[in-house]
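We name chains A, B, ... by the order of the sequence lines, and we start the count at 1 in each one.
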Number of protein chains: 2
Amino acid sequence: MSIKQVAKLAGVSTATVSRYLNSPEQVKEKTRDKVQAAIDKIGYAPNALARNFRRGKTSLIVVVLPSIGDPFLESVMRGVWKVADELGYSILIRDTQSNSHEFDEYTDLVFSKQADGILLLASISPFSEPEAQRGSRGKTHPPLVLGLESVTRELIRFPSVRVDNVAAAAEGTDYLIQLGHQRIAFIAGKRDSLLTHDREQGYRNAMGAAGLEIAEDWVVEGEQTIDGARRATRQLLQLQQRPSAIFCANDEMALGALHEIKSAGLKVPQDISVIGFDDIRYAEITDPPLTTIAQPAEEIGERSMRRLCQIIDGNSDERGPETVPHKLIVRNSTAKISGR
Amino acid sequence: MSIKQVAKLAGVSTATVSRYLNSPEQVKEKTRDKVQAAIDKIGYAPNALARNFRRGKTSLIVVVLPSIGDPFLESVMRGVWKVADELGYSILIRDTQSNSHEFDEYTDLVFSKQADGILLLASISPFSEPEAQRGSRGKTHPPLVLGLESVTRELIRFPSVRVDNVAAAAEGTDYLIQLGHQRIAFIAGKRDSLLTHDREQGYRNAMGAAGLEIAEDWVVEGEQTIDGARRATRQLLQLQQRPSAIFCANDEMALGALHEIKSAGLKVPQDISVIGFDDIRYAEITDPPLTTIAQPAEEIGERSMRRLCQIIDGNSDERGPETVPHKLIVRNSTAKISGR
DNA sequence: TTGTACGCGTTATCAA
DNA sequence: TTGATAACGCGTACAA
């Protein structure tokens with residue numbers, strides 16, 4: 001059951017067994033065979049717990065994300081896993097259930113040595129003052145990299161990998177403006193999501209740059225869910241001055257918007273254009289297929305994970321944010337504004 | 001950094017600190033305060049690795065699933081997490097990338113003491129012979145519960161929680177038959193998925209019971225993906241004798257089928273009825289909304305996780321499969337066959 | 001109520 | 001090339 005029994009059975013010392021396990025080339029072939037035979041005989045499996053304990057390393061990385069089952073995050077995770085496999089790490093996923101508090105709950109996993117680092121793919125809102133607290137307690141920061149999300153002032157010092165959400169959203173909005181739209185609404189996410197906040201900012205920037213007004217009730221909250229977006233859309237449709245286009249802060253909400261618009265008997269894009277963000281796999285099979293802004297999801301996962309591992313291994317080269325390119329994908333949910 | 005330093009600073013023994021941490025009521029209040037003060041001062045966090053090592057328990061459970069980002073599994077996981085939080089377990093997710101081999105890879109996590117148990121939500125195909133192997137090596141089975149999937153002979157002895165896929169699929173097929181359909185096609189999943197295999201069986205049973213023939217080319221593989229289902233659907237549409245209804249082994253594939261049918265200029269349900277399985281959150285916003293068979297996803301997660309924890313704690317009451325109810329959800333993607 | 005001392009399974013350091 | 005042995009940080013008899 002333990003290394004001792006293997007040693008006894010093989011007639012060698014525990015040190016030799018350990019060596020055989022970790023650097024076999026240091027063990028004479030004849031001894032190797034004896035040890036392996038003993039291992040097979042008693043069905044020995046090394047206790048990884050003891051090993052990690054001894055080594056002071058878990059090779060476990062915690063990925064914090066708002067919601068498993070998010071098709072976009074799935075793509076990001078694919079990149080994360082790729083690197084993890086390559087570098088010998090395991091991934092522990094924590095789903096925040098779309099709540100964005102309790103930063104400490106996750107960092108504690110590192111401080112208590114249960115994990116080596118944290119990949120944060122979720123919104124950590126205002127980030128309270130754990131920062132200051134840590135400082136005063138003499139604690140150091142855990143290895144941490146941010147993916148996707150925009151960065152608050154408190155987090156700016158951490159490495160991050162993401163698209164330029166402001167610019168991307170501005171580009172999407174511009175596209176609508178080029179199509180002749182002027183009454184453009186925006187369905188935002190949760191209030192405390194920095195990410196959708198940035199996208200909203202991009203939208204506002206583009207509108208401002210084009211000299212277009214944004215009516216007070218053109219920006220509504222969609223709660224990052226289909227149902228939330230449906231409610232938001234319903235509000236927009238009831239407006240006196242109905243918008244001719246809707247920018248949804250992500251595709252999930254765009255799906256809800258599309259459905260609600262069609263349920264109201266209106267046509268997309270003839271009556272209303274819709275644009276999303278993320279390019280999830282469902283975007284191309286909606287009816288009509290959704291115009292959206294794609295992020296290089298897998299690349300984001302891969303690069304952020306790689307940076308995290310570098311930090312853990314003490315090879316943290318550079319700091320600060322890293323930006324990856326986005327891309328506007330034009331499908332059929334957007335069209336020139338109909339003459340009226 | 002360690003319990004020793006806390007002890008030293010507080011002027012007590014390490015045993016007292018340990019006691020304070022684990023059963024504070026055994027420590028005098030005054031001592032408690034001293035210890036807590038020391039803990040605060042040096043920012044001590046217990047080393048969970050050492051603790052788990054000592055206790056011989058990790059409080060970590062591995063959930064093996066085919067694909068994160070599956071909206072159905074998200075619901076299952078919600079139930080899993082609920083129980084995990086309640087019982088003090090952490091969840092480690094392993095994504096098989098929809099591959100269904102390598103059972104040992106996961107059980108090893110338990111044998112190497114990195115996890116206490118395994119919740120298997122993925123297909124383990126034919127299960128090779130690790131079974132026999134284990135037996136001969138005198139190894140015992142790891143705590144393992146199966147959710148969702150049907151059970152092979154090799155796995156029958158493990159507890160499991162799932163709907164009766166055969167009966168459910170038969171019910172769905174029956175419903176189509178009641179609507180007057182006779183040429184009913186079936187889009188299956190991957191060949192090695194037991195789950196979709198069972199659903200196919202249900203379909204075949206129902207067809208047989210109704211005295212309906214199943215043409216050779218009415219059963220096609222959809223690979224459990226949107227794209228796979230689109231290809232499969234394309235094949236079906238090119239058939240001489242076009243089916244009047246398609247049963248998809250899950251909703252994801254049904255989404256692909258719907259899209260492909262509409263792309264071909266046909267109408268659902270007027271030209272072809274479509275029915276899915278799982279009732280994912282997108283099912284009600286497709287165009288038309290999808291008729292499907294709902295599983296109590298969260299309940300499945302909850303119950304299977306609860307059973308697993310019981311086994312780990314040695315309270316394994318009963319064994320074998322446990323069945324939860326399914327429910328046919330009728331929406332608008334199915335209709336009576338049009339007179340022709 | 002508290003302290004001493006041992007052991008969990010492993011790896012690393014030193015000698016041999 | 002191998003063996004003896006000291007850690008790693010914690011929990012827990014047992015003794016005080």
Can you name the closest pair of heavy atoms from [X] and [Y] and give their distance?
{"X": "A/Leu21", "Y": "A/Ile39", "result": "CD1-CD1, 3.8 Å"}
{"X": "A/Leu73", "Y": "A/Leu148", "result": "CD2-CD1, 3.5 Å"}
{"X": "A/Val12", "Y": "A/Lys34", "result": "CG1-NZ, 4.2 Å"}

Under 4.0 Å between a side-chain N/O of B/Tyr20 and OP1 or OP2 of D/dC10, yes or no? no
Can you tell me how far [atom2] of [N] sits from [atom1] of [X], to the nearest Å?
{"X": "B/Lys57", "N": "C/dG9", "atom1": "NZ", "atom2": "P", "value": "18 Å"}
{"X": "B/Lys34", "N": "C/dT1", "atom1": "NZ", "atom2": "P", "value": "14 Å"}
{"X": "B/Arg51", "N": "D/dT12", "atom1": "CZ", "atom2": "P", "value": "10 Å"}
{"X": "A/Asn47", "N": "C/dT10", "atom1": "CG", "atom2": "P", "value": "6 Å"}
{"X": "A/Asn22", "N": "C/dT13", "atom1": "CG", "atom2": "P", "value": "13 Å"}
{"X": "B/Gln26", "N": "C/dG3", "atom1": "CD", "atom2": "P", "value": "14 Å"}
{"X": "A/Lys113", "N": "D/dC8", "atom1": "NZ", "atom2": "P", "value": "13 Å"}
{"X": "A/Arg55", "N": "C/dG9", "atom1": "CZ", "atom2": "P", "value": "17 Å"}

Do A/Asp116 and A/Thr58 pair up side chain to side chain, a donor and an acceptor below 3.5 Å, judged on atom types alone? yes
Map A/Ala50 and B/Ser13 onto DNA chain C by nearest heavy atom, then report which one ends up closer to the 5' terminus. B/Ser13
Please work out if [X] contacts a base, only the sugar-phosphate, or nothing of the nucleic acid, heavy-atom cut-off 4.0 Å.
{"X": "B/Thr16", "answer": "sugar-phosphate"}
{"X": "B/Ser2", "answer": "sugar-phosphate"}
{"X": "A/Asn52", "answer": "nothing"}

Identify whether a stacking contact exists between A/Phe53 and D/dC8, where the ring centres must be under 5.5 Å apart and the planes under 30° apart. yes
Tell me which nucleotide among [options] gets nearest to the side chain of [X].
{"X": "A/Lys28", "options": "C/dT2, C/dT11, D/dT2", "result": "D/dT2"}
{"X": "B/Ala15", "options": "C/dT11, D/dT12, D/dT2", "result": "D/dT12"}
{"X": "B/Thr14", "options": "C/dA5, C/dT1, D/dG3", "result": "C/dA5"}
{"X": "B/Arg54", "options": "C/dG7, D/dA7, C/dA5", "result": "C/dG7"}

Before accepting this row, confirm whether a basic side-chain N of the pair A/Glu86/A/Lys82 lies closer than 4.0 Å to the acidic partner's carboxylate O. no
